[in-house]
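Convention: sequence-line order gives letters A, B, ...; per-chain numbering from 1.
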There are 2 protein chains.
Amino acid sequence: MRFNNKINCIDCENTNCFIKKHCLESIEQSDNIHENKFINRYTKNQLIFMEGNFVDSINFIQSGRVKVFKKGAFGKDQIIRLISNGDIFGHRGLSDAEKFSISATSITDTLICSFDKAFFFKLLKSTPELTYNLMLYFANELNQEEKKLRDLSIFNVREKVAKALLMMIDAYGLTKENEINHAHELSRQDIAELVGLNSNQVTKILADLKEDNILETDNKTIKIINLNSLKEIVNI
Amino acid sequence: MRFNNKINCIDCENTNCFIKKHCLESIEQSDNIHENKFINRYTKNQLIFMEGNFVDSINFIQSGRVKVFKKGAFGKDQIIRLISNGDIFGHRGLSDAEKFSISATSITDTLICSFDKAFFFKLLKSTPELTYNLMLYFANELNQEEKKLRDLSIFNVREKVAKALLMMIDAYGLTKENEINHAHELSRQDIAELVGLNSNQVTKILADLKEDNILETDNKTIKIINLNSLKEIVNI
DNA sequence: AATTTGTTATGATATAAATCATTATAAATC
DNA sequence: GATTTATAATGATTTATATCATAACAAATT
């Protein structure tokens, strides 16, 4: 749903945003960006864009949380990234691919800032600093993806679940009470899709980890009792 | 081994090389690049650089073949890419990581062109066209890595072996006789490490595929009899 | 040509993972 | 608040995968 009450990037609190960091040098430039920005509002579990669709925009999260995923056979999707405030997504569409290679879904109520692809390409051409930093950002993402690939190809089920929980903590942190998934953003199925499992396996391993006093579960909320033990599971 | 008989990029036949494509606009620039380029020669199965080492260079393959891999637990490595003439590697070191996140080993006799990291950063700053295209290249690599991640998380052993063979064909092609691994570049263990298996599993599945008239094996050489059937295995 | 070494092939066995069936619990709808 | 629907938990079963032991073969060395 289009949202017209858009704030100017200058006033935005997401200091990690690429636009905020690299594209507000002059007043003309920031006016230009403000004019070309459009904002959409999504409630929880709405599809933002779908794999296979024509790439027409580059997106940033103003507020909220989003999962980025790839569709697999038999509804077995793979979640690629969990992202939140200030994060860029849909940027793989910058490659020669004409179509989105991923889908994105809101997992909380969310506000998304977007730019037309053509405008963003112009912005890149006129802002070498942005291009340069985006290039470095991609290099870093590649490192992380390749680390994940290596991990998932050697981890057993228990290690994969630990990895999934640590990814959730990495993306969204812990509450004061050391809880994750507090707003019930992700189902067991989602957690499974972070690391290539099924929901059944996740449930069982969570029960094991509860047994081992590493965590407690209360419906979808997971309370971490011993973070170090959780980390030890993946540091073989 | 340092190799002093270096050819000028202008005369190089690797038209897919980033330097060849984007950095030879002026005579001063190409002279500058020639001066700052150094070339090393490697025989088969030599370590070019190792994960954890300080990143000091960005590298391109002048001729030969290289495997790029990550070290895992218990010697279970994961091969990330198979590369050849004109391909860039070590570029993930451009991220904020100080150390190489990957290792690289020659799998044939190989000539490698390298630039000091500091020089390459200067080159990027002074050649926005290079930075821009490198950024697009990374976006494309991310797409491919994520596709691989999704595939490996849902494929069974047979599908993984088919995927590994197709990756080898994609990287190095087929001979006139439809053979891969003709120069015995990769062992069964290497093929396993492309897709997170062990050498035993690869051997068994190759025997199955032989049974199904999809391929023939003669020691390390694999002759593809029915490429379409091989592709069908991974297109579930 | 014989010996050593490394890799590949094959079958048997043990282990881990995935699936299925059922129950319990929570959330949504009426 | 009762009913429906969706999700999570648990145990039993089937299937797939990983490991082990051994044999066959190829390459390198003497």
Side-chain angles (χ1 to χ4, degrees), chain A residues 43-45 72-78 107-108 152-165 180-212 215-223 233 236, chain B residues 43-45 72-78 107 152-165 168 180-212 215-223 233 236:
Chain A
T43 57
K44 186 175 172 173
N45 288 329
F74 313 116
K76 274 195 162 187
D77 298 341
Q78 170 77 37
I107 57 175
T108 66
L152 295 189
S153 80
I154 60 172
F155 280 179
N156 64 23
V157 175
R158 184 183 170 93
E159 290 158 355
K160 284 180 184 175
V161 171
K163 171 99 180 175
L165 296 176
I180 50 178
N181 215 30
H182 187 258
H184 298 186
E185 302 94 321
L186 300 177
S187 65
R188 294 287 180 268
Q189 183 63 32
D190 286 321
I191 297 175
E193 288 175 2
L194 279 166
V195 287
L197 298 173
N198 63 50
S199 60
N200 244 330
Q201 295 172 298
V202 171
T203 301
K204 276 172 197 169
I205 297 291
L206 285 177
D208 290 351
L209 294 174
K210 200 170 168 179
E211 192 76 17
D212 298 343
L215 52 80
E216 284 168 10
T217 59
D218 177 10
N219 187 18
K220 290 187 179 172
T221 303
I222 298 166
K223 180 169 179 171
I233 292 172
I236 313 168
Chain B
T43 56
K44 187 174 173 174
N45 289 328
F74 313 117
K76 272 195 163 190
D77 298 341
Q78 169 78 36
I107 57 175
L152 294 190
S153 80
I154 60 171
F155 279 178
N156 64 24
V157 175
R158 183 183 170 93
E159 290 157 355
K160 284 180 184 174
V161 171
K163 171 100 180 173
L165 297 176
M168 291 166 71
I180 50 179
N181 215 31
H182 187 259
H184 298 185
E185 302 94 324
L186 300 177
S187 65
R188 294 286 181 268
Q189 183 63 33
D190 285 322
I191 297 174
E193 288 174 3
L194 279 166
V195 288
L197 297 174
N198 63 50
S199 59
N200 242 331
Q201 295 172 298
V202 172
T203 301
K204 275 172 199 170
I205 297 291
L206 285 177
D208 289 351
L209 294 174
K210 201 171 170 180
E211 192 77 17
D212 298 343
L215 52 79
E216 284 168 9
T217 59
D218 177 12
N219 187 18
K220 290 187 178 171
T221 302
I222 297 166
K223 181 170 181 173
I233 292 173
I236 313 168

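- At the phosphate of dA9(C), OP1 or OP2 sits under 4.0 Å from a side-chain N or O atom of Arg188(B).
- Looking at the side chain of Val157(B), the nearest of the listed nucleotides dA8(D), dA9(C), dT17(D) is dT17(D).
- As rounded to whole Å, 14 Å separates atom P of dG11(D) from atom CD1 of Ile205(A).
- Between the P atom of dT19(D) and the CD atom of Gln189(B) lies a distance of 11 Å, rounded to the nearest Å.
- Following rounding to the nearest Å, Asn219(A) (CG) and dA6(D) (P) show an atom-to-atom distance of 17 Å.
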query = Do Lys204(A) and Val157(A) pass the side chain to side chain contact (heavy atoms under 4.5 Å, CB included) test, and can you show the C-alpha distance, the side-chain angles, and the key distance before you say yes or no?
reply = CA-CA 10 Å; Lys204(A) 276 172 197 169; Val157(A) 175; over 6 Å; no
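- Remark: Leu215(B) CG to Thr221(B) OG1 distance equals 12.0 Å, nearest 0.5 Å.
- Protein atom CZ of Arg158(A) is 18 Å distant from nucleotide atom P of dT15(C), rounded to whole Å.
- Heavy atoms of Ser187(A) sit under 4.0 angstrom from primed sugar atoms or phosphate atoms, though from no base atom.
- Looking at which nucleotide of DNA chain C each of Ala207(B) and His184(A) is closest to, the 5′-most match is held by Ala207(B).
- For Lys210(B) and dT8(C), a side-chain-to-base donor-acceptor distance below 3.5 Å is absent, hydrogens and geometry of angles not being considered.
- Taking each heavy atom of His184(A) and Lys44(A) in turn, the nearest pair found is O-NZ, 2.8 Å.
- Minimum heavy-atom separation, Ser153(B) to Gln78(A): OG-OE1, 2.8 Å.
- At the heavy-atom level, Asn200(A) lies under 4.0 Å from base atoms of the strands shown.
- An OP1 or OP2 oxygen of dT19(D) is reached within less than 4.0 angstrom by a side-chain nitrogen or oxygen of Asn198(B).
- dC30(C): Watson-Crick or G-U partner is dG1(D), with both key distances under 3.5 Å.
- Between the CG atom of Asn156(A) and the C1' atom of dT15(C) there is a distance of 12 Å, rounded to whole Å.
- Within 4.0 Å (heavy atoms only), Lys220(B) reaches sugar-phosphate atoms of the nucleic acid but no base atom.
- Judged by Watson-Crick or G-U wobble contacts below 3.5 Å, the nucleotide dA24(D) has dT7(C) as its partner.
- Taking atom NZ of Lys76(B) as the reference point, atom C1' of dT17(D) lies 10 Å away to the nearest angstrom.
- Checking dA9(D), dA27(D), dA26(C) against every side-chain atom of Thr203(A), the shortest atom distance belongs to dA9(D).
- Listed nucleotides dT10(C), dA26(D), dA17(C) differ in distance to Lys204(B); the shortest reach to its side chain belongs to dT10(C).
- Remark: the backbone N or O of Ser187(A) is paired with a side-chain donor or acceptor of Asp190(A) at under 3.5 angstrom.
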